[in-house]
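The structure appears below as structure tokens.
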Amino acid sequence: MPSPHGFSYDVRPDGTVLILHHGSAAGTLRGSRAEQFLAECEAGDPQLVMARWTGNYKRGNERTARNHPRNQR
């Protein structure tokens with residue numbers, strides 16, 4: 001499975017974290033959730049963390065869907 005890409009985040013002066021996916025807003029975190037997110041980004045792969053927090057990650061069924069007869073045009 002390819003690793004996620006295209007994510008970035010911006011920490012605002014008020015502590016709000018804006019997660020972007022290819023330049024579009026994918027999520028906004030405030031307070032303790034923003035702090036937890038930043039700690040996870042420091043500890044692990046930030047792209048994977050952002051994909052998990054926004055729900056924009058591969059779920060493992062893409063190959064099955066691609067091979068379905070309905071999608072064979």
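We use all heavy atoms of the structure for the numbers below, so side chains are in, but hydrogens, waters and symmetry mates are not. The chain is numbered in sequence order, starting from 1.
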Would you call the rings of His21 and Phe7 parallel, tilted or perpendicular, taking 30° and 60° as the class edges? tilted
Checking Ile19 against Leu29 for the side-chain contact (heavy atoms from CB on, under 4.5 Å) test, could you report, in this order, the C-alpha distance in whole Å, the side-chain angles of both residues, the deciding distance, and whether it holds? CA-CA 8 Å; Ile19 302 174; Leu29 304 170; 3.9 Å; yes
Minimum-distance pair of heavy atoms, taken over all atoms of Gly15 and Ala34: O-CB, 3.7 Å
Return the [atom1] to [atom2] distance between [X] and [Y], rounded to the nearest 0.5 Å.
X	Y	atom1	atom2	value
Arg33	Trp53	CZ	CH2	4.5 Å
Cys41	Gln47	SG	CD	9.0 Å
Thr28	Leu18	OG1	CG	5.0 Å

Side-chain donor/acceptor of Thr16 to backbone N/O of Arg12, under 3.5 Å: no
Applying side-chain contact (heavy atoms from CB on, under 4.5 Å), run through Val11 and Leu38 and close with a yes or a no. CA-CA 9 Å; Val11 181; Leu38 293 172; 3.9 Å; yes
Do the side chains of Val49 and Phe37 get nearer than 4.5 Å, heavy atoms only? yes
